[in-house]
Amino acid sequence: MAQRTEAYPVVLRMRGMYPRDLAAYERHRERVCGDNGHCDPKRKDDNRQLLGSNTWAQDTWDKIQDVRHANHERDLNQLRKRRRKKDLELAIFRGPRDPWRPTRHGPMREIILTVNKAWFDEDLIKFFNETGPTREELFEAHAKEWLINNFGDQCVHARADLDETTYHIHAVIVPLYASKGGR
């Protein structure tokens, strides 16, 4: 009879996000609002940032505003250069626009990476007082590598949550591109 082995696939959830969601995301990260019943307050300090700065949310908001205004200024200059007075008046009246095409899901993505809790629980490194990386440490290293390889600088934030039932990683992807010309 063949021995059955348990497979624990990596779980990846990707959800759309708007810049206006950054403040709520940060409040949840800090555990100051929302349903925190599933969080162990004694382990909050175990959560750690993996990628990005401590001011990543404000930096992201500022970058979006900078791109909005730079795109608007470039569009205005092109309209002036082409002597499109009516279009220039309309563009000035309209003001800067968001640097992405409108979608119902939002231009940014929140990613959650994890594995079934049982896979982490079966790690016996600490139980046997052995040395070496734990499953959490291995998972974290591979997740960071995957985020960097697939998203590079567009991954503006990643953190490991250890105060919840199952270890998991949150990340935020912001694909910002300056427009190439007039719209």
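Index from 1, following the sequence. These values consider heavy atoms only, across backbone and side chains, with no hydrogens, waters or symmetry-generated copies.
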Report task. Any chance you could pull the hydrophobic cluster mates of Leu88, using side-chain heavy atoms under 4.5 angstrom and chaining through other members? Result ->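 Leu76, Leu79, Ile92, which link up through side-chain heavy atoms under 4.5 Å apart, make up the rest of the cluster.
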
Requested in this report: Run through the side-chain heavy atoms of Ile, Leu, Val, Met, Phe, Trp and Tyr, join any pair under 4.5 Å, and report what else lands in Leu90's cluster.
Outcome: none

Residues in side-chain hydrogen bond (donor to acceptor under 3.5 Å, both in side chains) contact with [X], at least two apart in sequence or another chain:
X	result
Ser53	Thr55, Asp59
Gln49	none
Asp87	Arg84
Trp56	Glu26, His157

Requested in this report: Report the C-alpha separation of Gln58 and Leu22 in whole Å, then their side-chain angles, then the decisive distance to 0.1 Å, and conclude whether the side-chain contact (heavy atoms from CB on, under 4.5 Å) test is met.
Outcome: CA-CA 8 Å; Gln58 184 64 52; Leu22 288 172; over 6 Å; no

[atom1]-[atom2] distance between [X] and [Y], expressed to the nearest 0.5 angstrom:
X	Y	atom1	atom2	answer
Leu147	Leu50	CG	CG	8.5 Å
Ile112	Thr166	CD1	OG1	11.5 Å
His168	Leu113	NE2	CG	10.5 Å
Ile111	Phe151	CD1	CZ	4.0 Å
Glu73	Gln78	CD	CD	11.0 Å

Who passes side chain to side chain contact (heavy atoms under 4.5 Å, CB included) against [X], sequence neighbours left out?
X	value
His142	Glu145
Pro19	Trp61, Ile64, Trp100, Pro107, Met108
Asn116	Tyr8, Ala118
Asn150	Trp146

Report task. Determine whether more than 12 heavy atoms belonging to other residues, nucleotides or ligands lie under 6.0 Å from atom CG of Asn149. Result ->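 More than 12 heavy atoms, drawn from other residues, nucleotides or ligands, come within 6.0 Å of this atom.
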
Query raised in the report: Going through the checks in order, is the salt bridge (Lys or Arg N to Asp or Glu O under 4.0 Å) test met by Arg48 and Glu140?
Result: CA-CA 11 Å; Arg48 61 183 168 268; Glu140 185 174 296; 2.7 Å; yes

Requested in this report: Would you please test Arg97 and Asn71 for side-chain contact (heavy atoms from CB on, under 4.5 Å) and show each step?
Outcome: CA-CA 8 Å; Arg97 294 189 292 178; Asn71 287 349; over 6 Å; no

Requested in this report: Flag this pair as yes if the NZ/CZ of Arg159 is under 6.0 angstrom from the six-membered ring centre of Tyr25 and inside a 45 degree cone about the axis; otherwise no.
Outcome: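 Here Arg159 passes the 6.0 Å and 45° test against Tyr25.
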
Report task. Check whether any side-chain N or O of Arg109 sits under 3.5 Å from a backbone N or O of Gly106 as a donor-acceptor pair, and report yes or no. Result -> yes

Query - Under 3.5 Å: donor-acceptor pair, side chain of Thr114, backbone of Tyr167 - result: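 Checked: pair present.
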
Report task. Using the salt bridge (Lys or Arg N to Asp or Glu O under 4.0 Å) rule, collect all pairs that involve residues 13-23, keeping only residues at least two apart or in two chains. Result ->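 For residues 13-23, and leaving out neighbouring residues, the salt bridge (Lys or Arg N to Asp or Glu O under 4.0 Å) pairs sorted by first residue read Arg13-Glu110, Arg15-Glu110.
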
Report task. Quick one: list whatever passes salt bridge (Lys or Arg N to Asp or Glu O under 4.0 Å) with Arg68, sequence neighbours left out. Result ->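 Arg68 satisfies salt bridge (Lys or Arg N to Asp or Glu O under 4.0 Å) with Asp98 only.
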
Query raised in the report: Is Leu12 linked to Leu51 within one hydrophobic cluster, defined over Ile, Leu, Val, Met, Phe, Trp and Tyr using a side-chain heavy-atom separation of less than 4.5 Å?
Result: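 Looking at the clustering, Leu51 is in the same group as Leu12.
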
Requested in this report: Report the C-alpha distance between Ile173 and Val156 in whole Å, list the side-chain angles of each, state the deciding distance to 0.1 Å, and finish with yes or no for side-chain contact (heavy atoms from CB on, under 4.5 Å).
Outcome: CA-CA 6 Å; Ile173 309 302; Val156 296; over 6 Å; no

Requested in this report: Begin with the C-alpha distance, continue with both residues' side-chain angles, and end with the deciding distance and a verdict on side-chain hydrogen bond (donor to acceptor under 3.5 Å, both in side chains) for Arg80 and Asn77.
Outcome: CA-CA 5 Å; Arg80 284 184 191 106; Asn77 287 337; 3.0 Å; yes

